[in-house]
Amino acid sequence: YRAGFHDLPEGFRVVGEEDMKQFWVDIRPWNKSIATTAIESGADALVVDRAEDVRRLGRITTVAPDGDLRPGKDVIECTITDKASENRAAALGKHTLVIVATSDWTVIPLENLVAQSDKIIALVRDEKDAQMALHVLEKGTHGILLKTDSPAMVKSVAALLKSPTG
């Protein structure tokens, strides 16, 4: 559950909490401004080269070799280039979180992956891609990983995830 809801009486929960999509921000290479904006905007995790850089800024889940989630173990990154790599990502996604990237989501349909796994995190670069990933097949991906060097884009995508229409 999200911080701040721990005082609810037993048996109560936040409506829609189970539907909350993961909002991760890719900060490779390190960019303190993006990291700070992501934390302030309510990101769920930061993907970084060194978790140590993030720990100085605040408490947030890190995806890093020394992080809370470790690439290659807790989270697998796959670049989709053809049907074979798409099938590999779908198979991995049955058991672990998979970050999927492609040069063009219109060429490699995200629907295929979402239909086969509920552990897909789509790499996106803007609000348009985020919106598409969050609503594909109505249920959307498990979450998104935003790759940007713009603090304004981090805020914009965070606002999209927090809006009732997501």
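Any value given below was found using the heavy atoms of this structure, including those in side chains, with hydrogens, waters and symmetry copies removed. What you see is a predicted model; the values in this text were computed from it and never measured.
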As an exercise, state the distance from [atom1] of [X] to [atom2] of [Y], rounded to the nearest 0.5 Å.
| X | Y | atom1 | atom2 | result |
| --- | --- | --- | --- | --- |
| Asp44 | Thr61 | CG | OG1 | 7.5 Å |
| Asp49 | Asp66 | CG | CG | 9.5 Å |
| Thr79 | Arg88 | OG1 | CZ | 9.5 Å |
| Leu46 | Leu145 | CG | CG | 10.0 Å |
| Ile27 | Asp149 | CD1 | CG | 11.5 Å |
| Ile99 | Ile76 | CD1 | CD1 | 9.5 Å |

Looking only at heavy atoms, what is the nearest atom pair of [X] and [Y], with distance?
| X | Y | result |
| --- | --- | --- |
| Arg125 | Asp129 | N-OD2, 3.8 Å |
| Ala64 | Ala51 | CB-N, 3.8 Å |
| Ala43 | Ile60 | O-CD1, 3.3 Å |
| Leu92 | Cys78 | CD1-SG, 3.7 Å |
| Leu160 | Ala130 | CD2-CB, 3.7 Å |
| Ile34 | Pro151 | CD1-N, 3.4 Å |

Using modelled atom types and a 3.5 Å cut-off, is there a donor and acceptor pairing between side-chain atoms of [X] and backbone atoms of [Y]?
| X | Y | result |
| --- | --- | --- |
| Ser117 | Leu113 | no |
| Lys162 | Ser41 | yes |
| Thr36 | Ser33 | no |

When hydrophobic residues are tied together by side-chain contacts of less than 4.5 Å, even through go-betweens, does [X] share a cluster with [Y]?
| X | Y | result |
| --- | --- | --- |
| Ile120 | Leu97 | no |
| Val54 | Phe23 | yes |
| Leu123 | Leu110 | no |
| Ile144 | Ile39 | yes |
| Leu161 | Met153 | yes |

> Hey, does Val98 have a side-chain heavy atom less than 4.5 Å from the side chain of Lys119?
Replying inline: no

>> What I'd like to find out is whether the side chain of Lys94 reaches to under 4.5 Å of the side chain of Gln116, using heavy atoms alone.
In response: yes

> Between Asp68 and Thr62, does a side chain to side chain donor-acceptor pair (under 3.5 Å) hold up when you go through it step by step?
Replying inline: CA-CA 5 Å; Asp68 303 303; Thr62 55; 3.2 Å; yes

More than 12 heavy atoms of other residues, nucleotides or ligands under 6.0 Å from [atom1] of [X]: yes or no?
| X | atom1 | answer |
| --- | --- | --- |
| Asp126 | CG | yes |
| Lys139 | NZ | yes |
| Lys32 | NZ | no |

>> Working note: Ile121 + His142, criterion side chain to side chain contact (heavy atoms under 4.5 Å, CB included); need CA distance, chi angles, decisive distance, verdict.
In response: CA-CA 6 Å; Ile121 297 188; His142 180 71; 4.2 Å; yes

>> Please evaluate residues Lys83 and Glu86 with respect to the criterion salt bridge (charged side-chain N to carboxylate O under 4.0 Å, His left out), reporting the C-alpha separation (whole Å), side-chain torsions for both, the decisive distance (0.1 Å), and the verdict.
In response: CA-CA 5 Å; Lys83 193 66 182 170; Glu86 181 184 324; 3.1 Å; yes

